[in-house]
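Let me begin by presenting the structure, written as structure tokens, before commenting on it.
Quantities reported herein were computed from a predicted structural model and do not represent experimental measurements.
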2 protein chains.
Amino acid sequence: MAEQAETLRRTPLSRDRILRAAVALADGAGIESLSMRNLAQDLGVVPMALYKHVANKDELLDGMIDVVVGEIHPPVPDADWKRAVRQRILSARQALQRHPWAPLAIESRNMATPAILAYLDSMIGTFRAGGFSVDLAHHVMHAMGSRILGFSQELFDASRRAGRSGTTNPDPPAALPPEIAARFPHVAEIAMAASHDDASVLGQGCDDQFEFEFALDLLLDGIERLQEQGWASPRRLR
Amino acid sequence: MAEQAETLRRTPLSRDRILRAAVALADGAGIESLSMRNLAQDLGVVPMALYKHVANKDELLDGMIDVVVGEIHPPVPDADWKRAVRQRILSARQALQRHPWAPLAIESRNMATPAILAYLDSMIGTFRAGGFSVDLAHHVMHAMGSRILGFSQELFDASRRAGRSGTTNPDPPAALPPEIAARFPHVAEIAMAASHDDASVLGQGCDDQFEFEFALDLLLDGIERLQEQGWASPRRLR
DNA sequence: ACCTGAACACCGTTCAAGT
DNA sequence: ACCTGAACACCGTTCAAGT
């Protein structure tokens, strides 16, 4: 214990070590536990020491995002743009799912980090190589939105609320309380149908992976159709 | 000035008055300026007085979200589910655009507020009335994600960063710096094409409304096709 | 019983004093 | 020149003292 802390203190601080410790802290204890002070304590260092390597907390968050995005597998070469895009996005999803705090952190930053720009650039490249016009590739990227990084941006996502906890198990199915079900009959109908579905869902209300792929394929199929039809933006003169 | 403050102090506090002041504060000064202390000061009241009407800051945020969602127009009756859904979502978009902080606030909460549940319920009702199975309506709602509330959840959204400011104008087009353009050629290609587009975009890079409707129609067209084909989830036994 | 000032346990970051 | 403790200007919320 004391030895480990001593070892940590001996290892010189570096931006990289700070970023990895910050990601580990957010993964384990939740993003709301990520403070400069807590992070410094984890590293066995005085808070102000961090400021030699990151300008401020915002830059720390940018760096953490780049660590996560850097975990996305490189694109696999594939003659079929649709398969290539689909696979890369599902791989991004796997990376992002290891860091439940990342989606909200990414969305709350307001400029793309270098790693995200690189990811987007290579994704656009896949579309372009598949014969997409600049025009169509552009709008398609917008249409994919945050789904392109593998998170579907559900309106509410209980999974990202806090860090992993070994002791507390995930929320039980939580059948809709009767007074809610009465006020929102259509929501109740869907909740009931979903909870009666097959057992692979393990008592969860919805199968997140299924919903993600459903939406992804809906988009990709529509995009394929536009591309085959030679769609062009009405705002362009030709 | 002093008279106005006096008038405000005379008006008794109420949950509703607190919520409206909080929305106005977030609209005007940005969500990062919304603190219990600032809000109390705007209301001419001591901070602790707020806690008689809202349990804590989280509940305040829930209430603010309900104020915004309450501004969405009720659904217009329409025999065509597709037109009805499209119009309601575009109306939601208008309401949400008046409160740039709302999308991120909604996504960071982790349970649906009553107003959002009511909105979702009525949206599901429109699909069901249009002949959708419970199964398809369910997955369609997931596929729409946050787009159903009118925000496309772009990966980065400069517009929500801070409050409206009368003095500083929106960021200029900001042509991609050359070293960025060199590292990310596909991003640069799209940025260049977009900035050369017709003048209706007013120098902005992209036409947000166009991108939103492009993605919305992509989804709605795909959904229509599934419904016409009688799509059923593979996880259901029949 | 109600209201509220002071206090508590935190923040991110500045700055000057120490080496 | 570098490092760092104390301090500053904030938070949300508790709590006890005042009416």
Side-chain angles (χ1 to χ4, degrees), chain A residues 5-19 21-26 28-65 101 104-105 108-111 113 161-163, chain B residues 5-19 21-26 28-65 101 104-105 108-111 113 161-163:
Chain A
E6 189 51 36
T7 306
L8 286 172
R9 198 170 296 111
R10 225 178 276 283
T11 317
L13 257 195
S14 71
R15 184 180 155 89
D16 190 63
R17 215 160 75 81
I18 290 173
L19 294 183
V23 167
L25 176 56
I31 191 75
E32 75 282 354
S33 298
L34 179 82
S35 70
M36 300 302 271
R37 286 159 141 105
N38 283 344
L39 177 57
Q41 186 176 294
D42 278 12
L43 287 161
V45 140
V46 83
M48 286 313 300
L50 302 175
Y51 287 84
K52 280 277 124 71
H53 301 93
V54 286
N56 49 42
K57 194 179 179 183
D58 278 356
E59 207 206 74
L60 174 74
L61 280 167
D62 282 344
M64 293 169 65
I65 289 169
W101 48 271
L104 208 55
S108 56
R109 315 270 65 226
N110 47 31
M111 251 317 282
T113 63
R161 57 180 315 177
Chain B
E6 189 51 36
T7 307
L8 286 171
R9 199 170 294 113
R10 226 178 276 281
T11 317
L13 258 195
S14 70
R15 183 180 157 88
D16 190 64
R17 215 160 73 81
I18 290 174
L19 293 182
V23 168
L25 175 57
I31 191 74
E32 75 283 355
S33 297
L34 180 80
S35 69
M36 299 300 271
R37 286 159 140 105
N38 282 344
L39 177 57
Q41 185 175 296
D42 278 12
L43 287 161
V45 140
V46 83
M48 285 315 299
L50 302 175
Y51 287 82
K52 279 279 121 69
H53 300 93
V54 285
N56 49 42
K57 195 180 178 181
D58 277 356
E59 206 207 74
L60 173 74
L61 280 166
D62 281 345
M64 292 169 66
I65 289 169
W101 50 270
L104 208 54
S108 54
R109 314 271 65 224
N110 46 30
M111 253 313 285
T113 62
R161 56 180 317 177

Applying a 3.5 Å limit to both distances, which nucleotide forms a Watson-Crick or G-U wobble pair with [N]?
N: D:dA17; answer: none
N: D:dC8; answer: C:dG12
N: D:dC3; answer: none

Self-check item: Closest-nucleotide ordering on DNA chain D, the 5'-leading residue of A:Ala49 and A:Arg37
Solution: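 It is A:Ala49, whose closest nucleotide lies nearer the 5' terminus.
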
Quiz item: Between A:Asn38 and C:dC11, does any side-chain N or O lie under 4.0 Å from OP1 or OP2?
Solution: yes

Distance check needed: [N] [atom2] versus [X] [atom1], whole Å only.
X: A:Leu25; N: C:dC11; atom1: CG; atom2: C1'; result: 15 Å
X: A:Leu13; N: D:dC2; atom1: CG; atom2: C1'; result: 14 Å
X: A:Leu61; N: C:dT13; atom1: CG; atom2: P; result: 10 Å
X: A:Met48; N: C:dA17; atom1: CE; atom2: P; result: 16 Å
X: A:Ile31; N: C:dC11; atom1: CD1; atom2: P; result: 13 Å
X: A:His53; N: D:dC3; atom1: NE2; atom2: C1'; result: 12 Å
X: B:Lys57; N: D:dT14; atom1: NZ; atom2: C1'; result: 18 Å
X: B:Met36; N: D:dC11; atom1: CE; atom2: C1'; result: 11 Å

Looking at every heavy atom in both [X] and [Y], which two are closest together, and how far apart are they?
X: B:Arg15; Y: B:Gly63; result: NH2-CA, 3.9 Å
X: B:Lys57; Y: B:Leu34; result: NZ-O, 2.9 Å
X: B:Asn38; Y: B:Ser33; result: ND2-O, 2.8 Å

Self-check item: Inter-nucleotide C1' distance (C:dG12, D:dT14), Å rounded
Solution: 23 Å

Quiz item: Near B:Gln41 CD, under 6.0 Å, is it more than 12 heavy atoms from other residues, nucleotides or ligands?
Solution: no

Quiz item: Rounded to the nearest 0.5 Å, what separation is found between the NE2 atom of B:His53 and the CG atom of B:Asp16?
Solution: 10.5 Å

Quiz item: Of all the nucleotides listed (D:dC11, C:dC15, C:dG12), which has the minimum atom distance to the side chain of A:Tyr51?
Solution: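 The listed nucleotide nearest to A:Tyr51's side chain is C:dG12.
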
